[in-house]
Every structure is written in structure tokens, then in C-alpha cells.
Amino acid sequence: MRLKFTKMHGLGNDFVMVDGITQRVKLSPEKVRQIADRHIGIGCDQLLLVEAPRDPEADFRYRIYNADGSEVENCGNGARCFARFVRDRRLTSKEHILVETAAGTLKLNIQGADQVSVDMGEPVLEPAKIPFEADIQAETYPLEVDGETYNIGAVSMGNPHAVLLVEDVLKAPVETLGAIIERHPRFPAKVNVGFLQIEARDRARLRVFERGVGETRACGTGACAAMVSARLRGLVDEELHITLPGGTLTIHWPGPGEPVTMTGPATAVYHGQIAL
Ligand SMILES: N[C@H](CCC[C@H](N)C(=O)O)C(=O)O
């Protein structure tokens, strides 16, 4: 099978974007791993597959696969790149598109040159729906890891996130502690792990160890989850500029019961074909 794709990224979180509308695409976890491999394939953090919607209200459906081949519910940077992709390929001329994902339907608004705003929906805080094993819902939870206790936030943006506050993201044990918490038994679907340094009530730095990938240069749902956790702890106002290794996202969240809006760039790098 020859597969046409577009290589894209959102602040260095990189994607292979596949149009599954104008071409027939059959993916297996093995095929996704091969495509995502940075030595024998194209290389990406996630593969995003664009399909016709099942929900008649939606304009498109898009499916998200991590580099390890696992299919997941949501991808913030991917949503912005998806919006740019469908506009650039003239699969739609709309400014506002509705896209169906495993986590529900997202509203994407395309602005200006390469900035895209995404209504990421309301955060989910109920432990059972994250999913996270906890007796009651709280702003923070004590999590036991190798004899140490960490105070974490637990938030779902359709996909699960643990959020830890750190003094200095540059010194945070992202690779080691991130890898352990990713597979912590209290997160039955595993978890993305964010290390958040608050600099001011409107500014923060974040590094994310992503479920199924490892540390990425940016994580859109991770930035949303970090904002929600920080705001629930009373540490930030309703607009937060979060700087990740790949650049800065603007996250807006008025508070519980309201949607999170994420704004940032979406960049196309090249188009290609791969024989599978
Ligand atoms: N690794 C994530 C999916 C991709 C999320 C990230 N790339 C984003 O921009 O939100 C998970 O397993 O839930």
C-alpha cells in the first residue's frame, strides 16, 4: 500500500497526518509503530488519521495513535494541525469546524497565518472518569512512588493527565519519574505526566512525559490539564501562557463547568508518500 501523508508539528510535537477520506487506509498498531519509528519509518510522536464523520453534526472524524501504536482519545497539538491540514487540502472552507474524536466533538477555529484556537471542551475531574483510583475528588492527591509521596493533580482532557508542581522544570526528573508515574497502577489506562513550574499568575513552564511516547517538545492536552490543575489550586488566573520546550501555548479556562480553550501554531513541514 502506498500512503500519502503530510508531516506536521505543533511546537515540535510532531505528527504524520493521513487523509483517510481520499485514500483507503488500513492501520494496525504494528504499522503505526513502523511509520512512527525515527529510523525505519517517517518518525513522529503521533499519527493522525482523518476520516469522514459518523456523527452527522460533525465535519470530520480524526483518530489519534501514539508512537507505540496505542489509539488514544485526544491530542491538543494534533487538533490544531488537523484544522490546518483540512483547510490547506481544501477538504473544507469553513473557519469553524466540528471534529469527532474518541473523546467527543471538538470545535476548531482557524485564525490568521498559523494560529489555531481549539475549544477543548470541559476538563473531567471525577477520578473514575479520568480514570484514576481515588476515594474522593480533590484538587490534589498524594501518590506513593518508590517510598516517596508526590502531591499530584489528576485531570482528563479526554485523555488522562497527572500534574506535578516543580521549582524548576529544567531540573525536573521527567525521564525517570515521568516513566514510573506513566505506568502507576492507580492510573489503569496509564497517564501523561506534566511537570509544571508556575512563574506568575499568567505565566508558567511545562514539560510533559507523554503516555505511549516519552517526553515530547510540547503537549496540548498536557498544557490544558496543567492549567486546570493550577487554577483549581488557586495559583493562576483564567488566562495562562505556558512555555514548553517547543514554544508557548495560550490556555484560557474561566473555571469548573466551562470549556478550556487552547491557542497556538500549527505547521506543515512536507508532503510525502510511504510504501507499507
Ligand atoms: N500521548 C497522549 C496523546 C497525545 C497528546 C499530545 N500530543 C497533545 O498535544 O495533547 C495520550 O496518550 O493521551
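Just follow the structure's listing: the first ligand is 1, and inside any ligand the first atom is 1.
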| request: Find all atoms of ligand 1 within a distance of less than 4.0 Å from any non-hydrogen atom belonging to G76, and give their numbers and elements. | output: 8 (C), 9 (O), 10 (O)

| query | According to the ring pair (Phe, Tyr, Trp, His ring centres under 6.0 Å) rule, which pairs have a member within residues 246-276, sequence neighbours left out? | reply | F5-Y270

| Nearest heavy-atom pair of E51 and L49: which atoms, and what distance? | OE2-CD2, 3.5 Å

| Test item: E71 and P29 side chains (from C-beta on) under 4.5 Å apart, heavy atoms | no

| said: Quick test: of every protein heavy atom, which one is nearest to atom 7 (N) of ligand 1, and how far off is it to 0.1 Å? | reply: N13 OD1, 2.8 Å

| said: Can you report which non-hydrogen protein atom sits closest to atom 9 (O) of ligand 1, along with the distance? | reply: G220 N, 2.8 Å

| For N74, the ligand 1 atoms whose distance to one of its heavy atoms is below 4.0 Å | 3 (C), 4 (C), 5 (C)

| query | Between N13 and N77, is there a donor-acceptor pair closer than 3.5 Å when you use the side chain of the first and the backbone of the second? | reply | no

| Nitrogen or oxygen of E73 less than 3.5 angstrom from that of ligand 1 | no

| note | To atom 13 (O) of ligand 1, the nearest of V208, V191, V72, N192 on a heavy-atom basis is N192

| request: Please list all pairs passing the side-chain hydrogen bond (donor to acceptor under 3.5 Å, both in side chains) test where one or both residues lie in residues 134-148, with sequence neighbours left out. | output: E144-T149

| Atoms of ligand 1 close to Q46 [distance to a heavy atom under 4.0 angstrom, numbered from 1] | 1 (N), 3 (C), 4 (C), 7 (N)

| field | Protein residue, atom and distance nearest to atom 10 (O) of ligand 1, heavy-atom basis | value | T221 OG1, 2.6 Å

| request: State yes or no: are the ring centers of F15 and F82 separated by less than 6.0 Å? | output: no

| So which protein heavy atom does atom 1 (N) of ligand 1 come closest to, and at what separation? | E210 OE1, 2.7 Å

| request: Quick one: pull up NZ in K4 and CZ in R89 and give me the separation to the nearest 0.5 Å. | output: 6.5 Å

| said: Closer than 4.0 Å to some heavy atom of N66 - which atoms of ligand 1 meet that? | reply: 1 (N), 2 (C), 3 (C), 11 (C), 12 (O)

| field | Residues D68, R33: salt bridge by 4.0 Å N-O rule | value | no

| field | Per-atom contacts, ligand 1 versus N77 - under 4.0 Å to a heavy atom | value | 8 (C), 9 (O)

| remark: Of R211, M157, E182, the residue with the heavy atom nearest atom 12 (O) of ligand 1 is R211

